[in-house]
Amino acid sequence: MLEIQNLYFSYKRKQPLFEDFSLSLPDGCIVGLLGKNGAGKTTLLNIVSGLLPPQAGKIAVNGFTPFERKPAFLADVSLIAEEFSLPQVSIAAYTSALQPLYPKFDGAKLDKILAEFELSRANRLHKLSHGQRKKFLIAFALASNCRLLILDEPTNGLDIPSKSQFRKILVSSITDEQTVLISTHQVRDIENIIDSIAVLDNGRAVFADTLENLSRRFRFELADTLPTNALYAEKSIGGQRVILPNDADSEETEIDLELFFNFITNKTYE
Ligand code: ATP
């Protein structure tokens, strides 16, 4: 459903951000898009949602070329940008103006999620806090029932209870046909809800796979001394957090996503 082949993209007067970048994501997955500051996550999400044109390469999202911005494409993609501005109107007015753009929009679902976030259609957007406005955008995006949801740093600005509320609401609101692409550096905020990761580094997708395959291939342990076959290790209280190759007969261990991210971005991974 999302296929990127040999993408090239460069901002004016800058080094290319993506050169020969490829990534393929199937339908119905929740993907964590990870990368250091400036790795290009927001740029990639803008390209995928049709806001920026690729300068070379092919992109297909739900069978469409995003930058052609066909109405049928835009009706099935919902993006929550990291930075946003909203009009000075009530949630009710915003919803009745924009809901017609999304044929699968579910008003009852919007009301339910708004209530869980302690918001209502009567709230005026400019009188809400940043975190409350973010919650409204999350509720609106989920109620749109789009096949592709793109969330750029969705937990930024949410307080601690709201982060876990966000996770619960997201998981209970989406169907198997929907794909969710979540960019974040707050790995802990999303590690229990994603089923795949894509890691960007130096203009490439350096790792993209399901968590199921990841735990089949790697073991995560706390060791007193460094095992000779360790692929990566970091000192920690009580020993060393290590990544080891997993063999087919061994039991799978719980993934330490933060450690895995450091492993992937600190060394060339083949
Ligand atoms: P962060 O994690 O800090 O949000 P990111 O991975 O989302 O970063 P981008 O925002 O896509 O990264 O930025 C990637 C690179 O492109 C950065 O070096 C940034 O300075 C540059 N960049 C982003 N937007 C523009 C722009 N409009 N014009 C020029 N350069 C830009």
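Note that ligands are numbered from 1 as they come in the structure, with each ligand's atoms numbered from 1 the same way. Residue numbers run from 1 in the order of the sequence given.
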Less than 4.0 Å between a side-chain N and a carboxylate O, is that true for Arg217 and Asp209? yes
Ion pair check, Asp20 and Arg204, cut-off under 4.0 Å: no
Under the ring-ring contact (aromatic ring centres under 6.0 Å, His included) rule, what do Phe218 and Phe260 come out as? Steps first, then yes or no, please. CA-CA 9 Å; Phe218 301 99; Phe260 187 72; 5.3 Å; yes
Non-hydrogen side-chain atoms of Asp256 and Glu258 separated by less than 4.5 Å: yes
Near ligand 1, which residues have a heavy atom under 4.0 Å away from one of its atoms? Tyr11, Lys14, Leu17, Lys36, Asn37, Gly38, Ala39, Gly40, Lys41, Thr42, Thr43, Glu82, His185
So which heavy atom on Arg124 is nearest to which on Gln88, and how close? NH2-O, 4.0 Å
Can Phe21 and Phe18 be said to form a ring-ring contact (aromatic ring centres under 6.0 Å, His included), step by step? CA-CA 6 Å; Phe21 175 95; Phe18 297 111; 4.9 Å; yes
